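Below you'll find the structure, written out as structure tokens, and then a few comments.
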Amino acid sequence: MSKSGDNVVSEAQIAVHWREEEVFSPSAKFIGQAYASDPAILERFREENFPECFREYADLLTWDQYWHTTLDSSNPPFWKWFVGGRLNASYNCVDRHLASSRDKVAIHWVPEPESESTQAITYQELHRRVNEFAALLRDDCGLKAGDRVTLHMPMVPELPVTMLACARLGVIHSEVFAGFSGGACGGRIADSGSTVLITMDGYYRNGEIIDHKMKADEAVITAEAEGQEVAKVLVWRRHAGQFASQSPMVDGRDFFVDEVLKDYRGQLVDPVSMRAEDPLFIMYTSGSTGKPKGAQHSTGGYLAYVAGTSKYYQDIHPEDTYWCMADIGWITGHSYIVYGPLALGATSVMYEGLPTYPDPGRVWRIAERLGVNIFHTAPTTIRMLRKVGPDEPAKYDYHFKHMTTVGEPIEPAVWRWYYETVGKNEAVIVDTWWQTETGGFMGATLPGLMAMKPGSCGPGVLGVYPAIFDENGEEVDSGSGRAGNICIRNPWPGALQTIYGQPERFVSVYYEKYCRDKDSKDWHDWPYFAGDGAVKTADGYFRILGRVDDVINVAGHRLGTKELESACLTVPEVAEAAAVPVVDDVRGRAVEMYVSLKPGSDPDGVEAKVAKAIEREIGKIARPKKVWIVADMPKTRSGKIMRRVIASISNFSDYGDITTLANPEVVDSIRHHVQSEKMASHDVPRELTFDEIEEINSFGKE
Ligand code: PRX
């Protein structure tokens with residue numbers, strides 16, 4: 001990220017104004033049963049004991065062959081963990097639990113329609129399903145270790161079955177969030193070089209069955225246009241024998257899984273013994289340039305890391321019923337619905353649909369019925385549940401011992417509702433800060449040992465040593481009240497290994513900024529740049545302020561401004577586009593698009609075309625709250641669009657000095673147009689907090 005040009009504001013120069021929150025302590029009852037309640041664990045994971053401390057995580061797994069080197073740092077920043085070790089992720093998540101827990105429920109799947117009953121899939125049943133599907137992938141599709149396969153699947157139990165079947169063969173899965181468009185899926189198929197797409201005919205969302213297979217056809221066309229042939233499309237059916245899609249099956253390419261699977265009944269597949277550093281999966285995420293980045297995660301390091309953090313941070317015991325209400329299409333679901341909990345042999349709940357369907361009590365009804373006692377969700381969902389049903393939790397007889405929040409900063413007022421109303425003043429809250437790239441938690445409180453502070457994630461997790469650096473690489477002192485860039489000073493086993501197919505980009509995005517010496521083989525010289533602004537208080541707790549790059553976090557999902565803008569440019573009338581965040585009380589941030597048109601174009605209907613283009617190229621989740629057509633964009637003298645200025649207009653905040661712009665006169669006319677229309681439609685945001693003003697002011701700065 002270059003910092004030249006106008007409006008250079010170093011992160012570290014931003015004074016952050018927020019008052020210290022009171023702290024909350026975990027209850028004696030929680031501490032009494034917590035896995036981590038002896039402070040000796042903090043000693044074991046101190047920096048002096050790095051990297052050997054992570055042996056403790058790796059020892060939670062069953063290895064075919066034990067490793068000889070805990071961390072190989074000979075080729076920075078391509079770290080290798082548990083080198084020499086061999087294991088299989090599917091064996092670790094399924095087979096090894098059979099001897100003691102064959103009949104234990106691995107996954108409770110809750111369909112969205114309440115008329116359909118919950119499926120309780122035992123470890124024995126999961127083993128059957130994974131083996132049969134692995135046999136199909138091997139014998140029918142010819143897949144083998146190292147091949148990539150793209151999954152575009154919703155929240156159905158067939159999704160973890162598919163992931164674990166791939167893992168059994170050493171096939172690298174790349175699951176694309178089902179809400180993403182066929183086009184977005186196709187781009188990811190091409191980038192990963194997948195020849196097989198695994199999808200579903202349909203699924204329930206908000207009371208309707210969504211036609212999902214339709215997107216597969218579009219995905220195949222997009223992938224082919226990008227040079228990647230898709231030989232087979234496997235279609236799971238929401239109801240075997242029925243077809244929930246209008247789109248026809250393509251002869252010789254598309255197959256119904258339930259029909260083909262009949263030939264594989266009862267078949268067993270030996271788990272393929274993989275090297276610890278062989279890739280387990282790819283998960284795409286947005287970056288500050290157009291093309292999504294395929295974060296590649298390892299088998300041994302990743303699995304050890306998610307098992308260890310699930311144990312100590314989520315405190316999942318064998319007798320618990322654990323529910324993470326994320327989507328498996330995101331990293332949270334991979335790490336904390338599938339791999340972490342199943343590696344521990346836990347009982348994990350999966351819900352198909354919308355948390356508020358058919359009414360705001362649904363989530364609490366599921367919790368009551370299944371006896372959920374650990375609950376994991378995101379601030380956007382908490383805000384929504386609080387908005388539509390603030391008194392609902394009290395009506396249901398469930399009791400959580402532990403709750404997690406993830407994905408974006410949580411406002412202290414929302415945190416308190418979560419604690420008092422959802423947690424009934426009984427549950428601890430663990431605010432987990434991390435990223436697709438980090439594989440697992442990076443900043444969080446150890447729930448049995450540390451106090452909670454609303455709005456702060458806490459210190460670095462076990463074996464992870466974050467620091468805040470200013471633009472010059474100097475560490476910003478704790479308690480100074482100054483913000484900076486949060487970095488992780490050391491490697492950790494869950495870290496992405498590379499950006500799939502783009503090793504140079506991997507180095508430049510995450511490691512170049514703060515590397516002290518490119519020739520150094522010493523990990524101390526290679527801090528990981530997370531791309532978030534943060535402050536650290538005197539007690540060592542971090543408060544995350546949000547992204548410092550051009551990424552908008554909508555409901556906990558990262559959307560790249562460049563992706564949004566290039567989708568707009570597919571509309572023939574559009575000449576230029578700029579995406580900006582607006583503060584939104586439920587989704588955290590929403591997207592507003594500004595577009596200027598080619599001379600002589602007819603503006604009629606352009607708003608709708610832009611919204612449609614974004615939905616088509618990226619998915620519904622990215623749909624802009626508003627599209628503004630403007631005569632011209634405010635620009636710097638070098639021609640860069642000043643997103644900061646239009647973001648301030650959309651949010652009714654002060655845009656500061658604009659005298660250095662090439663065309664300062666356009667600012668006032670845009671402001672007049674946008675703000676008067678917003679006022680007329682009562683869409684004026686509440687007064688922003690200082691942190692929010694800082695974020696908007698630094699948005700898109702070059
Ligand atoms: O800005 C941070 C925010 O979400 C970003 C990572 O997004 P993604 O890769 O999609 O992963 C989301 C699930 C891990 C981060 O760079 N973020 C994530 N968790 C928190 C957070 N911001 C504040 N507090 C959190 N607990």
Side-chain angles (χ1 to χ4, degrees), residues 11 18 175-177 179-180 282-288 292-295 297 305-306 309 313-314 324-337 340 376-383 403-412 414-415 418 429-445 452-461 466 483 485-488 494-496 499 509-510 528-536 541-560 563 581 587-589 621-622 691-692 695 698-699:
E11 289 299 325
W18 50 278
E175 152 73 0
V176 177
F177 172 57
F180 274 163
I282 300 168
M283 161 79 31
Y284 284 88
T285 189
S286 297
S288 47
K293 303 177 288 193
H297 285 285
Y305 197 70
V306 296
T309 48
Y313 285 90
Q314 305 197 100
C324 170
M325 207 170 54
D327 194 293
I328 297 176
W330 307 110
I331 191 70
T332 306
H334 274 49
S335 300
Y336 298 113
I337 298 178
H376 187 154
T377 194
T380 180
T381 311
I382 304 170
R383 288 191 290 261
M403 306 189 300
T404 314
T405 154
V406 60
E408 46 172 333
I410 184 165
E411 299 79 358
V414 176
W415 192 99
Y418 197 34
I429 294 183
V430 182
D431 182 340
T432 62
W433 167 71
W434 57 297
Q435 309 176 304
T436 304
E437 294 88 337
T438 69
F441 306 149
M442 287 286 103
T445 48
M452 305 160 247
K453 197 198 292 179
S456 296
C457 66
V461 295
N485 294 319
I486 187 165
C487 294
I488 310 295
L496 78 164
I499 296 176
V509 173
Y510 305 107
Y528 167 86
F529 170 60
D532 280 329
V535 278
K536 186 179 183 187
Y541 278 34
F542 292 95
R543 182 168 171 132
I544 307 296
L545 302 172
R547 308 284 313 165
V548 297
D549 55 17
D550 295 352
V551 169
I552 305 177
N553 189 329
V554 177
H557 304 137
R558 275 156 69 176
L559 299 173
E563 280 175 279
R587 293 161 20 117
R589 300 289 174 269
I621 188 167
D691 287 354
E692 287 164 348
E695 180 198 314
S698 58
F699 184 72

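Values below: every heavy atom of this structure, side chains too, minus hydrogens, waters and symmetry copies. This one's a predicted model, so the numbers in the text were calculated from it and none came from an experiment. All ligand and atom numbering here is 1-based and tracks the order in the structure.
Shown in contact with T436 at under 4.0 Å from a heavy atom are these atoms of ligand 1, numbered in order with element: 8 (P), 9 (O), 10 (O), 11 (O). Of all the atoms in ligand 1, the ones that sit under 4.0 Å from a non-hydrogen atom of N553 are 3 (C), 4 (O). In the vicinity of W434, heavy-atom distances shorter than 4.0 Å reach the ligand 1 atoms 6 (C), 14 (C), 15 (C), 18 (C), 19 (N). In summary, the atoms of ligand 1 found under 4.0 Å from a heavy atom of T332, numbered by their order in the structure, are 13 (C). With ligand atoms numbered from 1 in the order given, ligand 1 contributes 22 (N), 23 (C) to contacts under 4.0 Å with heavy atoms of I544.
Scanning both residues, R558 and Q435, for their nearest heavy atoms gives NH1-CB, 4.2 Å. The nearest pair of heavy atoms linking G439 to I331 is O-CG1, 4.5 Å.
Counting only non-hydrogen atoms, the option in G439, A326, S335, G407 that gets closest to atom 3 (C) of ligand 1 is G407. Here the shortest heavy-atom distance to atom 1 (O) of ligand 1, taken over V548, D549, D532, belongs to D532.
Contacts with ligand 1 closer than 4.0 Å are made by backbone heavy atoms (N, CA, C, O) of E408 only, the side chain lying farther away. Both the backbone and the side chain of P409 come within 4.0 Å of ligand 1, counting heavy atoms alone.
Taking the ring centroids of F180 and W330, they lie under the 6.0 Å cut-off. The aromatic ring centroids of F529 and Y510 lie 6.0 Å or more from each other.
Ring geometry, H376 versus F441: the interplanar angle falls from 30° to 60°, so the pair is classed tilted.
For the pair T405 and ligand 1, the shortest N or O to N or O distance does not fall below 3.5 Å.
Ionic pairing of R383 and E411 is present here: one or more N-O contacts between side-chain nitrogen and carboxylate oxygen are shorter than 4.0 angstrom. Classification of R589 and E408 as a salt-bridged pair fails, no side-chain N sitting under 4.0 Å from a carboxylate O.
Put simply, the side chain of C324 reaches to within 4.5 Å of the side chain of T332, judged on heavy atoms.
Looking from atom 7 (O) of ligand 1 to the surrounding protein, the closest heavy atom is R558 CD, 3.0 Å.
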